[in-house]
Amino acid sequence: MVRIVVDVKLKPEILDPQGRAVLGALGRLGLSGVSDVRQGKQFVLTIDGEVTDEKLAQINHIAETLLSNPVIEDFTVQVQK
Amino acid sequence: MVRIVVDVKLKPEILDPQGRAVLGALGRLGLSGVSDVRQGKQFVLTIDGEVTDEKLAQINHIAETLLSNPVIEDFTVQVQK
Amino acid sequence: MTARVGVVTFPGSLDDQDAVRAVSIAGGDAVSLWHGDANLHGVDAVVLPGGFSYGDYLRCGAIARFAPVMEKIIEAAREGMPVLGICNGFQILCESHLLPGALTRNDHLHFICRDQKLKIENNSSAWTRDYAVGQEIVAPLKNGEGGFVADDYTLDQLEAEGRVIARYLDLNPNGSRRDIAGICNEAGNVVGLMPHPEHAVEELTGPTTDGLGFFTSVLTSLLSGQAVNA
Amino acid sequence: MTVDTVGQAKESPVQEQPFKELGLKADEYERIKEILGRRPTSSELAMYSVMWSEHCSYKSSKVHLRQFGEKAPHSDALLVGIGENAGVVDIGHGWAVTFKVESHNHPSYVEPYQGAATGVGGIVRDIISMGARPVAVMDPLRFGDPHNPDTRRVLTGVVSGIGGYGNCLGLPNIGGEIVFDPSYQGNPLVNALCVGTMKHEDIHLAAASGVGNLVILYGARTGGDGIGGVSVLASETFDADGPAKRPSVQVGDPFMEKLLIECTLEVLHSGLVEGIQDLGGAGISCATSELASNGEGGMHVWLDRVLLRDHTLSPEEILMSESQERMCAVVLPDKVEEFLAVCKKWDVEAVVIGEVNASGRLTVDWHGEQIVDVPPRSVAHDGPVYERPYARPEWLDARQSDAPTAQRLARPTTAQDIRETLLRMVAAPNLAAKTWVTSQYDRYVMGNTVLAQPEDSGMIRVDEETGLGVAVSTDCNARFAALDPYRGAQLAFAESYRNVAVTGAVPLAVTNCLNFGSPEDPAVMWQFEQAVTGLADACLDMGTPVTGGNVSFYNQTADVAIHPTPVVGVLGVIDDVNRRTPMAWHEDGELIYLLGDTADELAGSEWAHEIHAHLGGLPPVLDLNKERTLAEILVAGSRDGMLSAAHDVSDGGVAQTLVEMALRADIGARVWVPDNLDAFVFLWSESATRAVVAVPRSEEMRFSAMCEARGFTSTRIGVVDSKIGQEHAVSGQALRIENVYGAEVTLALSDLREASEKTLPALFG
Ligand SMILES: Nc1ncnc2c1ncn2[C@@H]1O[C@H](COP(=O)(O)OP(=O)(O)O)[C@@H](O)[C@H]1O
Ligand SMILES: [Mg+2]
């Protein structure tokens, strides 16, 4: 059983209203010194059996086409054993 | 400048409709062998200046009260230098 | 003789019956299409209706893009068939790369439902012929992820080519770049629109009947054989 | 995993069992043993404990709720009455409607988003299980002090939850209520109402009949959601310091529910279903025992066939799980295949879990071993019934004698005072525009919304051919109920009834959600008994039967209970929605009439609450005969085209009604205080049975003759006038009130609008 973690983040130049809302709330809660907050998504895929190179390529493709939208987002794929 | 990463995940026993929807789509896209998908949130906080123990405690508190709802979610806080 | 306009139902489509009603009121023949059926059943144009296809849990429209019927629609759209994506349909068209840009979470983070004033800026697309350029209309807007984004180069290009179909007036309800409410592709047959013209076709249930023009336009275009910009 | 089987229960009759932890009382546990003639297995104990909880068994309320049946007025329209998932009324042309309101109060305090979302999901499934297509939702809400920071947490979460679920499900939200009062601080009320429509032949009931028929569980998989939630979560008072128990909450999946609606309607319309039941509180325990109990009385269940999300669940947990978005259907064996094919089409998982038999028992197996063997009626319908003691609280006399007289509470006495009060009242959280909330709800989806908030009722077109439609309103001024629960419940009913009539629809049937404190407190129980009696009496008098409802007890923190809040929903029918009467007046020259009599009645009013934080005295007097006459006038006025606008007078009095009509139209008016009334009383009294209407000049004679013929007071109090601002040096539209203590008050609509619209965003935006 292998876990694959795909992190998806908005590209830095894209406005992140959620992050901004959290930043505002942090201020109200008295946490100072935070200059930026960005909110991202994380997908944890549990895979039965082995993760071959071919499967990893497939997962990368899916991360690029389904799990993220390259017009506005970047992603990373990590394998955890 | 320090980056704090707060990962928020639904507790394992809580239904994750998002993860379920992705799992369904993966099947249709021909990726086999995935037995589970869970979707989580990630907050990246950029902090100016140092992160003292006190500040970290404050951030943990905020992660517990603002960034997550302990009734349904678990979280982790990581400091990246 | 009139044209056959297909309306796709994805799991989670919500405004499909409204789109069917609008097509009928405009005088067209509405044909229901099923997401899992890779067949357009001979329709002359397609509406991708509003809703939350597949729950829209991932990104709006991200999963619907891979539906079997979409393969056929993408093919047909490239060959010039008129396609209108409303709200979720607009999101699906962007995810399918039939239209540039993407739709992101509203800047105020809330779902918003309001009667929205718009200005029509292009009346040469297959879906806007019956409007006048500069015409102001009111139609319901209802979305949680309606903020149109694209890089400046793409935005400049859209403007330069006159491909901004409609812009928000009075108030930008979701943080859309340059107040963009709708755009079209280069050929003018594919249109994406955030507000809901299908909810503005009857005095009784809509704020206006201003939305009817989208549906009559496509019938005009089809019957005149000019679905695509000359 | 070892399971406790029926065999073991017989062999080891004495064994400690955690009945107390499961919320059962010692005598209830003894009764279970008596019913079974042995100790229950742990699975049986789980079933009884959830089904005998207050929430599922109505054990404290049953003896009083009976009045709704006993005093039910005869109504030809009633097709299905109390006792089913929801009542059904005939609206003509072969159409029927079903509607019901339910509470999700406690879960919404713990996890506002999911609590409210699953509240919507639950009531929608009740409506589908009658065979109807859900066509609209409404959400009566109560929150604590608007300035308390926790109110922000609860309100924003609840509102996004209702919107998130309802919008994604594709149901227009056409109305509801938002009321703030400190009494709800730790106990917000989240009630959800759903309306469904169907043809008569599509009505379905929850009964498992036909020996050999199969029981299919379909929808979402079963997980560990809200286990014990029904008995623990819904029936136990919170500690003073908040939700310490952190019980597991349910998470809703509106997309799954949408599939469930489409799938269910398809199997019903294809004639594949003999009986159907939704899964709500108490999950499989409830669905199987109710289906069996309502049918021939026997059913066998193979529990290990249930599709699970979490494979570590024990059979007890599976029986109690409250996983959302599940339904149960009883199907003829030769139709099972077709049923499963429809499920597959909609991507809905389904599995046969049981069979109807003639045993008279509900038996459950777990991997070949019998773990449940009970008479189903004893679980589903013959639960404990309590005659809880009730007594009129001693403090009520003091409260009722503390009337808001001019001596006790300072009133405005000059035109300038009136002007200031007006601006302040319009901005009061309870009266201010609720757009910030309602713009988060989709009102347009399905394309049949004729009226939605802020109109008096929501109105839905049912039949596109004929224009047949229904109007629904929900109301309750809980302060009135706190002053006198009997009259308070009647006033809630009257307001809702009036709100339906104002739109031109004929009131037909009633649903209710009775939100109260702890039934173990005799004072609360008295309030409950009084409210039920008041409502039942009013419904009998007015000929509108109660078709269903819901009771929510234990809305109380430590020993402080919420104001008794009997929310009443009234449904009316209109044969042509094109003739609806909207609240906005339309054009210059229309005459403004106040219908009904105004007395000095400010006890429990919004003015006393907002300006003086005062609650005392006796609520407004109610004469149901007059209420009926007013409704007849409003309906006739709509039918015969005598009215261009109508708006009910309630919270905030005539002042608020006029402001709302003007703002909705964005057209000004000139109004005067009638000579026989004090300006303040005219503007802010909350006397019942009143409405403001706009009458086109051409209809004036006919309209006033009609009122006169019926002996109903109608007073001309103004005229619609879009030039009045200009004439009095106000920019834009204005509302001008004359004869105010010898002077006039003129307010720009733009100022009123700003005052009204800024409040909620400032608090919660
Ligand atoms: N306050 C009430 N007024 C009228 N009927 C009620 C009331 N409370 C509950 N009922 C009726 O009792 C029956 C059982 O209610 P409930 O257990 O909540 O049903 P369900 O589980 O289907 O939601 C229903 O028919 C419901 O309408
Ligand atoms: Mg039910």
Side-chain angles (χ1 to χ4, degrees), chain C residues 9-22 24-25 34-37 49-58 60 63-64 67 86-88 106 108-116 139-145 171 173 195-207 211, chain D residues 133 135 156 159-173 252-263 325 344-348 435-453 459-461 464 467 469 576-580 582 761 764-765:
Chain C
T9 299
F10 297 98
S13 289
L14 304 178
D15 302 308
D16 45 344
Q17 286 318 305
D18 302 76
V20 165
R21 191 188 290 116
S24 312
I25 292 177
W34 184 244
H35 71 108
D37 189 5
F52 291 74
S53 52
Y54 301 91
D56 273 350
Y57 291 127
L58 174 57
C60 297
I63 296 181
I86 304 168
C87 194
N88 195 226
N106 294 349
H108 47 77
L109 297 175
H110 296 294
F111 184 94
I112 184 158
C113 174
R114 71 188 305 269
D115 298 341
Q116 179 70 44
L141 173 99
K142 37 171 220 168
N143 61 64
E145 304 191 13
L171 174 145
H196 289 259
E198 83 283 18
H199 289 317
V201 296
E202 283 183 285
E203 209 72 75
L204 186 69
T205 53
Chain D
R133 172 174 284 281
V135 293
T156 53
V159 168
S160 353
I162 290 169
Y165 204 97
N167 295 342
C168 184
L169 203 51
L171 291 180
N173 186 308
D253 179 353
F255 172 57
M256 175 53 96
E257 182 112 330
K258 166 72 178 165
L259 299 183
L260 209 53
I261 294 177
E262 300 305 334
C263 175
E325 292 94 23
K344 187 150 197 249
K345 167 180 167 194
W346 288 102
D347 252 328
V348 169
T435 327
W436 184 83
V437 168
T438 56
S439 67
Q440 298 184 45
Y441 303 149
D442 183 349
R443 65 182 52 204
Y444 285 111
V445 63
M446 298 185 106
N448 285 312
T449 307
V450 177
L451 296 175
Q453 56 272 13
M459 186 182 284
I460 292 290
R461 174 175 62 186
E464 290 189 38
D576 184 359
V577 289
N578 286 293
R579 282 206 305 269
R580 81 229 176 261
F764 308 112

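Convention: sequence-line order gives letters A, B, ...; per-chain numbering from 1.
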Please check: side-chain N/O of C:Asp15 versus main-chain N/O of D:Val445, any donor-acceptor pairing under 3.5 Å?
no
Nearest heavy-atom contact between C:Gly55 and D:Cys168 is O-SG, 4.3 Å
Among D:Arg580, D:Glu464, D:Met256, which residue has the highest count of heavy-atom pairs closer than 4.5 Å to chain C?
D:Glu464
Which atom names give the shortest non-hydrogen contact between D:Gly447 and C:Arg21, and what distance separates them?
CA-NH1, 3.5 Å
Heavy-atom proximity to chain C below 4.5 Å, by part of D:Leu451
neither
What one should report as the nearest heavy-atom pair of C:Leu14 and D:Lys258 is CD2-CE, 3.7 Å
Less than 4.5 Å to any heavy atom of chain D: does that hold for the side chain of C:Glu198, its backbone, both, or neither?
neither
Distance-only donor-acceptor check, side chains C:Tyr57 and D:Asp253, under 3.5 Å
yes
D:Asn167 CG to C:Asn143 CG distance, which is reported to the nearest 0.5 Å
10.5 Å
Any chance you could measure C:Leu141, atom CG, to D:Ser439, atom OG, to the nearest 0.5 Å?
10.5 Å
Of all heavy-atom pairs linking D:Tyr441 and C:Phe111, the shortest is C-CE2, 4.3 Å
Would you say the side chains of D:Asp347 and C:Tyr54 form a donor-acceptor pair under 3.5 Å?
no
Chain D: which of C:His108, C:Arg114, C:His196, C:His199 shares the most heavy-atom pairs with it under 4.5 Å?
C:His199
Best-contacting candidate, C:Gly12, C:Pro140, C:Ala22, against chain D by heavy atom pairs under 4.5 angstrom
C:Pro140
Quick one: closest heavy-atom pair of C:Leu204 and D:Val577, and the distance?
CD2-CG2, 3.6 Å
Side chain, backbone, both or neither: which part of D:Glu262 has an atom under 4.5 Å from a heavy atom of chain C?
neither
Counting heavy-atom pairs under 4.5 Å with chain D, the top scorer among C:Asp16, C:Val201, C:Ile112 is C:Ile112
Heavy-atom proximity to chain C below 4.5 Å, by part of D:Ser160
neither
Can you say whether D:Tyr444 sits under 4.5 Å from chain C via the side chain, the backbone, both, or neither, judging by heavy atoms?
both
